[in-house]
Amino acid sequence: MAKLKIVKVGDDVLRKKCRPVDEITPKIIQLLDDMAETMREANGVGLAAPQVGILRRIVVIEVEEGNLIELINPKIIAYAGEQDGTEGCLSVPNKWGMVKRPMHVTVRATNRHGEEFEISGSELLARAFCHELDHLDGKLYIDVARNIETVPAE
Ligand code: ZN
């Protein structure tokens, strides 16, 4: 596995629409592994492929430690409720802002074995699904966030 470089806001790659994955090659498997490692090293709860400069529809999420979710070609198929809370992004360092998201989200995606599956999440996981899937269409949370603030340096 290898740690990848995280692209920061201002780079055009974060504003592009990603292409679907049509075949799960060893390169895609490697990318999933590298993205998980990169996300963990950066203490993030989610990472989308464009954040490492790759315009493919791939996301990794780990809201609960040890419970890695890999999503290939994910789509939100249902959502309900509403939550308002703070959000940050590894591509927008040292900032956070308030974003309204659905409280419950169901995603359909393909796993690394090429099998389709559905996964539902609430609260932080629902927020992560929305945030990371937005990245695949070139959208950043700062486009919709209110009260974006700089996190004080530790
Ligand atoms: Zn992000």
Side-chain angles (χ1 to χ4, degrees), residues 1-77 79 85-97 99 101-102 105-121 123-145 148-151 153-154:
M1 294 209 282
K3 195 177 162 248
L4 305 170
K5 191 173 178 294
I6 297 177
V7 174
K8 300 296 185 331
V9 64
D11 192 313
D12 280 354
V13 79
L14 291 174
R15 293 305 189 175
K16 297 199 166 132
K17 211 172 148 74
C18 296
R19 282 190 301 126
V21 174
D22 30 51
E23 196 191 348
I24 299 171
T25 59
K27 228 176 140 177
I28 296 290
I29 301 292
Q30 182 70 51
L31 176 60
L32 285 165
D33 290 341
D34 290 346
M35 282 174 62
E37 187 183 350
T38 304
M39 170 182 67
R40 286 168 173 160
E41 291 243 351
N43 291 316
V45 298
L47 189 70
Q51 293 183 274
V52 292
I54 294 170
L55 290 170
R56 305 306 294 272
R57 303 190 81 81
I58 298 175
V59 160
V60 294
I61 291 172
E62 192 171 52
V63 164
E64 269 173 70
E65 210 184 314
N67 189 9
L68 178 67
I69 299 167
E70 297 176 330
L71 304 170
I72 299 168
N73 300 335
K75 268 195 182 82
I76 291 175
I77 55 167
Y79 60 90
T86 59
E87 212 160 294
C89 179
L90 293 176
S91 293
V92 188
N94 307 319
K95 304 249 188 225
W96 60 266
V99 186
R101 300 286 193 186
V105 173
T106 301
V107 171
R108 181 178 293 152
T110 300
N111 67 19
R112 63 164 60 208
H113 309 293
E115 299 151 351
E116 204 171 65
F117 69 102
E118 286 177 16
I119 182 166
S120 296
E123 301 181 23
L124 181 57
L125 184 53
R127 180 174 292 282
F129 284 148
C130 296
H131 177 115
E132 300 308 331
L133 268 63
D134 273 355
H135 273 298
L136 304 181
D137 292 316
K139 292 188 250 174
L140 298 177
Y141 87 93
I142 49 174
D143 305 341
V144 291
I148 297 173
E149 286 181 30
T150 302
V151 179
E154 281 173 31

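No experiment lies behind these values; they were computed from the predicted model shown.
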To the nearest 0.5 angstrom, please state how far the [atom1] atom of [X] sits from the [atom2] atom of [Y].
{"X": "Ile148", "Y": "Trp96", "atom1": "CD1", "atom2": "CH2", "answer": "10.5 Å"}
{"X": "Leu14", "Y": "Lys8", "atom1": "CG", "atom2": "NZ", "answer": "10.0 Å"}
{"X": "Leu90", "Y": "Gln51", "atom1": "CG", "atom2": "CD", "answer": "6.0 Å"}
{"X": "Asn111", "Y": "Leu71", "atom1": "CG", "atom2": "CG", "answer": "10.0 Å"}
{"X": "Asp143", "Y": "Asp134", "atom1": "CG", "atom2": "CG", "answer": "8.5 Å"}
{"X": "Ile29", "Y": "Ile24", "atom1": "CD1", "atom2": "CD1", "answer": "6.0 Å"}

For the student: nearest non-hydrogen atoms of [X] and [Y], plus distance:
{"X": "Cys130", "Y": "Ile76", "answer": "SG-CD1, 4.2 Å"}
{"X": "Ala42", "Y": "Ile6", "answer": "CB-CD1, 3.9 Å"}
{"X": "Leu55", "Y": "Pro50", "answer": "CD2-CB, 4.1 Å"}
{"X": "Pro74", "Y": "Val107", "answer": "CB-CG1, 3.8 Å"}

- So which of Glu41, Arg40, Met35 actually passes side chain to side chain contact (heavy atoms under 4.5 Å, CB included) with Lys3? Glu41
Could you tell me whether [X] and [Y] make a salt bridge, using a distance below 4.0 angstrom between a side-chain N and a carboxylate O?
{"X": "Asp11", "Y": "Lys16", "answer": "no"}
{"X": "Asp34", "Y": "Lys27", "answer": "no"}
{"X": "Arg57", "Y": "Asp22", "answer": "no"}
{"X": "Glu118", "Y": "Arg108", "answer": "yes"}
{"X": "Asp137", "Y": "Arg15", "answer": "no"}

If you define the side chain from C-beta out and look only at heavy atoms, does anything of [X] sit under 4.5 Å from [Y]?
{"X": "Val52", "Y": "Leu47", "result": "yes"}
{"X": "Leu68", "Y": "Met39", "result": "yes"}
{"X": "Val13", "Y": "Ile54", "result": "no"}

So does [X] have more than 12 non-hydrogen atoms from other groups sitting under 6.0 Å from [atom1]?
{"X": "Arg19", "atom1": "CZ", "answer": "no"}
{"X": "Gln30", "atom1": "CD", "answer": "yes"}
{"X": "Glu115", "atom1": "CD", "answer": "yes"}

- Can you check side-chain contact (heavy atoms from CB on, under 4.5 Å) on Ile58 and Leu31, steps first, answer last? CA-CA 9 Å; Ile58 298 175; Leu31 176 60; 3.7 Å; yes
Answer yes or no: is there a donor N or O on one side and an acceptor on the other, between the side chain of [X] and the main chain of [Y], under 3.5 Å?
{"X": "Ser91", "Y": "Val9", "answer": "no"}
{"X": "Glu132", "Y": "Phe129", "answer": "no"}
{"X": "Glu37", "Y": "Ala2", "answer": "yes"}

- Task: Check whether the side chains of Thr110 and Glu116 place a donor and an acceptor atom closer than 3.5 Å, and report yes or no.
- Result: no
- Side chains of Thr150 and Lys95: donor-acceptor distance under 3.5 Å anywhere? yes
- What do the steps show when you test Ile69 against Ile119 for side-chain contact (heavy atoms from CB on, under 4.5 Å), and what is the final call? CA-CA 9 Å; Ile69 299 167; Ile119 182 166; 3.7 Å; yes
- Item | Sequence-distant partners of Arg127, salt bridge (charged side-chain N to carboxylate O under 4.0 Å, His left out), two or more places apart | Glu87
- Task: Under the side-chain contact (heavy atoms from CB on, under 4.5 Å) rule, what do Ile61 and Leu125 come out as? Steps first, then yes or no, please.
- Result: CA-CA 8 Å; Ile61 291 172; Leu125 184 53; 3.8 Å; yes
- Query: Should Tyr141 and His135 be marked as a side-chain contact (heavy atoms from CB on, under 4.5 Å) after you check the CA-CA gap, both sets of side-chain angles, and the distance that decides it?
  - Reply: CA-CA 9 Å; Tyr141 87 93; His135 273 298; over 6 Å; no
